[in-house]
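Data first, discussion second: the structure below is written as structure tokens.
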Amino acid sequence: MSISITLPDGSVKQYDKPVSALAVATDISPRLADASICAELNGKLIDLEHMIDSDANLVLHTFKSEIGKEVYWHSTSHLMAQAVKQLYPEVLVTIGPAIEQGFYYDFDRETPFTDEELLLIEKRMQELSAMALPYARTELSKAEAIKMFADMGESYKLELLDAIPDTDIISSYRQGDFVDLCRGPHLQNTSKIKAIKLLKTSGAYWRGDEKNKMLKRIYGISFPSNKELNEYLVFLEEAAKRDHRKLGKDLDLFSINDEVGAGLVLWHPNGAMIRHQIESYWKEEHLRRGYKLVYTPHVGRSNLWETSGHLGFYKENMYSPMQVEDQEYYIKPMNCPFHIHIYNANHHSYRELPIRLAELGTVYRYERSGVLHGLMRVRGFTQDDAHIICTPEQLDAEVEKLIVFSLDMLKHFGFKDFMIYLSTQPEGSVGEKADWDKATESLAASLKKLDLDYSVDEGGGAFYGPKIDIKIKDAIGRAWQCTTIQFDFNLPKRFNMQYIGADNSPHQPFMIHRAVLGSVERFFATLLEYHGGNLPLWLSPVQVMLIPITDGQFDYASEIMEKMQAMGLRCEIDSRSEKMGYKIREAELKKIPFMCIVGKNEAANNQVTLRQHTKGDLGTMDFDAAIQTITSHK
RNA sequence: GCCGAUGUAGCUCAAUGGUAGAGCAAUUGAUUUGUAAUCAAUAGGUUGGGGGUUCAACUCCCUUCAUCGGCUCCA
């Protein structure tokens with residue numbers, strides 16, 4: 001008997017009898033064996049103890065791989081469930097998966113877990129880890145599994161089993177006195193889990209449905225060493241410093257005020273200047289690419305929203321109507337109906353298409369109180385909206401242009417990592433299947449042509465059309481949707497949009513609804529977090545702070561400031577009676593890109609001393625040289 | 001909306017039922033300074049709002065609003 005095991009580097013190991021993945025790892029190096037978490041046998045995940053009895057490709061996973069982390073955290077969630085069951089036997093277990101950063105487990109328990117209890121659970125987990133309990137896999141029939149979990153009184157597990165076909169083989173994992181329904185794989189034993197931190201608790205609906213009972217969730221994370229855990233905790237602290245809500249306060253960019261209302265943003269002068277720069281750039285780019293700018297009202301008659309269908313499908317996100325001379329008006333949650341009426345105000349020939357109407361349109365949506373989040377999720381926000389109205393033949397080219405445009409613009413702001421999603425037809429959608437297929441293919445084809453990685457969100461489209469979304473991550477790795485490119489099979493029909501074709505008869509155009517930044521508020525927040533508040537020169541509200549060393553240089557500093565302002569630089573003078581070090585410190589804390597220090601020497605020689613934010617002193621130089629240095633930064 | 005936590009001066013935070021306080025910021029004065037905090041004085045509060053318990057409430061209870069972390073939903 002001969003078994004050949006091929007490893008990812010192409011090397012082959014020969015065995016004359018069945019061998020475990022762990023043994024193969026040991027043959028490569030004992031250190032690898034120690035670090036290994038699980039393995040992938042011909043693409044299927046297995047436990048390290050799994051015996052390999054025929055030729056196979058084998059990949060060993062350590063904590064370095066995503067899969068390794070996932071299994072590690074999943075095993076930790078089992079460990080946590082064991083600790084919880086030991087401490088609180090009355091609690092029922094439900095599910096406990098690994099997530100992007102750590103794991104959670106949902107429990108059914110009347111009282112919430114307190115911080116003190118979290119510490120107790122953590123301590124028990126450490127004790128259980130020290131016992132090095134093996135994670136033992138058992139395979140059983142569904143009937144056996146039902147009996148086992150019924151005997152244990154774990155009703156949620158029975159509910160999960162219900163969804164599994166009767167003939168399937170079920171696996172369970174047992175460590176010590178705890179057994180859980182689980183596909184696996186798992187770590188060899190609990191001692192592999194070295195550093196544990198339970199982070200927070202929350203409520204979570206059973207199976208994610210708000211009609212179901214709310215369970216008590218515990219989130220945690222674990223690492224193979226304390227060093228890694230500490231690094232992670234430091235990362236969280238660093239991320240908190242980049243939080244746009246903190247930066248917004250520290251840099252005096254915006255505020256949200258109780259008395260004004262939740263989810264309504266006040267843009268302070270500094271924030272407004274940044275926003276102005278974003279919007280100016282946005283408008284220029286749109287004009288360069290054949291868009292027409294439009295402006296539309298903030299409210300519209302109820303008839304409009306009836307025609308558009310919003311009162312049917314979007315009402316719970318709309319504010320109550322206001323009465324004006326016996327007519328009902330609604331504040332707008334979207335800009336589309338207005339743009340369509342601009343299109344419909346005239347007849348259009350196929351020769352005019354595509355028509356691209358763009359607007360920074362402020363909309364208001366009712367968001368449930370628990371979901372508001374700084375600038376990321378608000379109740380009044382400005383979409384960088386546009387509607388592209390085109391013929392079916394123009395579709396592919398327009399979609400491709402849009403994706404290129406979106407990525408170009410996001411890159412201009414410094415973003416590099418995007419997550420792209422293609423969402424397809426959901427249940428209960430409007431429009432013809434053939435149209436959906438064509439539009440979805442068009443989206444997919446463009447993404448492929450541009451060689452972009454994307455995930456498919458099956459059935460995740462809007463009810464009116466498929467879409468492409470681009471998401472960007474915030475400081476702690478939460479993804480927020482920015483760009484969205486959505487087809488609309490609904491509104492062109494509802495508003496009877498038409499163009500006259502080459503055949504001299506009316507046709508219904510295709511419409512794409514899109515936002516590149518998503519909303520100015522959310523984009524601003526993401527931008528701020530991405531740069532940690534250290535915005536590039538072109539976006540900084542104050543670009544240069546002039547720092548006279550004594551009152552004697554105030555006039556000279558004013559002269560410099562006027563010259564800079566004439567060149568379009570945004571600068572201010574710190575004329576307070578403070579020491580230079582103090583003024584520098586303040587300018588650094590305000591993250592102003594450049595400081596221009598002028599003392600006796602500079603004034604006498606018509607020079608300035610430049611200092612760059614976070615970089616320090618750049619030396620004394622002539623005015624022109626300083627300008628050149630400053631403007632060489634974008 | 002649901003689960004949990006939190007709400008004290010502009011900001012960051014003290015004060016566990018017994019006279020609301022500190023640092024920074026602000027104002028005023030002094031200081032005229034060479035690369036991340038000069039010194040002093042002054043002012044700043046219905047302790048988120050409302051109600052209750054108590055001789056007495058920042059502190060305990062109820063309610064409401066907001067914020068934070070999740071769930072659900074979404075740009």
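In the text below, chain A, chain B and the rest are named by the order of the sequence lines, each starting its count at 1.
Nucleotides B:G69 and B:G29 have their C1' atoms positioned 47 Å apart, rounded to a whole Å. When the C1' atom is used for both B:G21 and B:U28, the distance is 23 Å, rounded to whole Å. Rounded to whole Å, the separation between the C1' atoms of B:A20 and B:A5 comes to 24 Å. Straight-line distance between the P atoms of B:G18 and B:C2: roughly 35 Å, to the nearest whole Å. B:U31 and B:U67 have their C1' atoms separated by 43 Å, given to the nearest Å.
Mapping A:Gly263 and A:Asn601 onto RNA chain B by nearest heavy atom places A:Asn601 at the nucleotide closer to the 5' end. Judged by closest nucleotide on RNA chain B, A:Met214 is the one of A:Met334 and A:Met214 placed further toward the 5' end.
Rounded to an integer number of Å, the gap from A:His373 NE2 to B:A66 C1' is 16 Å. Atom CZ in A:Arg368 sits roughly 17 Å away from atom P in B:G70 (whole-Å rounding). Whole-Å rounding puts the A:Asn257 CG to B:G48 P distance at 16 Å.
Sorted by first and then second residue, the salt bridge (charged side-chain N to carboxylate O under 4.0 Å, His left out) pairs with a member in residues 405-420 of chain A read A:Arg289-A:Asp408; sequence neighbours excluded. For residues 241-262 of chain A, no pair satisfies ring pair (Phe, Tyr, Trp, His ring centres under 6.0 Å), with sequence neighbours left out. Applying the ring pair (Phe, Tyr, Trp, His ring centres under 6.0 Å) test to pairs two or more places apart or on separate chains, those with a residue in residues 581-611 of chain A are A:Phe594-A:His633. Applying the salt bridge (charged side-chain N to carboxylate O under 4.0 Å, His left out) rule to pairs touching residues 368-379 of chain A yields A:Glu210-A:Arg368, A:Glu367-A:Arg377, sequence neighbours excluded. Counting only residues at least two apart or in different chains, salt bridge (charged side-chain N to carboxylate O under 4.0 Å, His left out) contacts with residues 253-279 of chain A comprise A:Arg275-A:Glu279, A:Arg275-A:Glu521.
Judged by the 6.0 Å and 45° rule, A:Arg109 forms a cation-pi pair with A:Phe113.
Checked for salt-bridge contact, A:Asp108 and A:Lys216 miss the test: no charged N lies under 4.0 Å from a carboxylate O. A salt bridge links A:Arg356 to A:Glu398: one of the charged nitrogens lies within less than 4.0 Å of a carboxylate oxygen. Contact check on A:Arg611 versus A:Asp617 returns no salt bridge, with no Lys/Arg side-chain nitrogen under 4.0 Å from an Asp/Glu carboxylate oxygen.
A heavy atom lying under 4.0 Å from RNA chain B marks the following residues of residues 576-595 of chain A, by number: A:Arg576, A:Ser577, A:Glu578, A:Lys579, A:Met580, A:Gly581, A:Tyr582, A:Ile584, A:Arg585, A:Glu588, A:Leu589. For the segment residues 610-622 of chain A, the set of residues with a heavy atom within less than 4.0 Å of an atom of RNA chain B comprises A:Arg611, A:Asp617, in numerical order. Within residues 204-213 of chain A, the residues approached by RNA chain B to less than 4.0 Å at the level of any non-hydrogen atom are A:Ala204, A:Tyr205, A:Gly208, A:Glu210, in residue-number order.
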Base versus backbone protein contacts along nucleotides 4-13 of chain B [heavy-atom cut-off under 4.0 Å; B, S, -]: S------SS-
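Residue contacts for A:Gly460: at a heavy-atom cut-off of 4.0 Å it reaches no nucleic acid atom on any strand shown.
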CA sep, side-chain torsions, deciding dist, call: A:Arg207, A:Tyr205, side chain to side chain donor-acceptor pair (under 3.5 Å): CA-CA 6 Å; A:Arg207 295 194 149 173; A:Tyr205 300 107; over 6 Å; no
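For A:Asp250, the salt bridge (charged side-chain N to carboxylate O under 4.0 Å, His left out) test picks out A:Lys246, with sequence neighbours left out. Partners of A:Ser280 according to the side chain to side chain contact (heavy atoms under 4.5 Å, CB included) rule, which considers only residues two or more places apart in sequence or in another chain, are A:His276. Under the side chain to side chain contact (heavy atoms under 4.5 Å, CB included) criterion, A:Ile549 pairs with A:Gln553, A:Met580, A:Ile597, sequence neighbours left out.
A:Thr483 and A:Lys471 are not linked by any side-chain donor-acceptor pair at a separation below 3.5 angstrom, with hydrogens and angles left out of the test.
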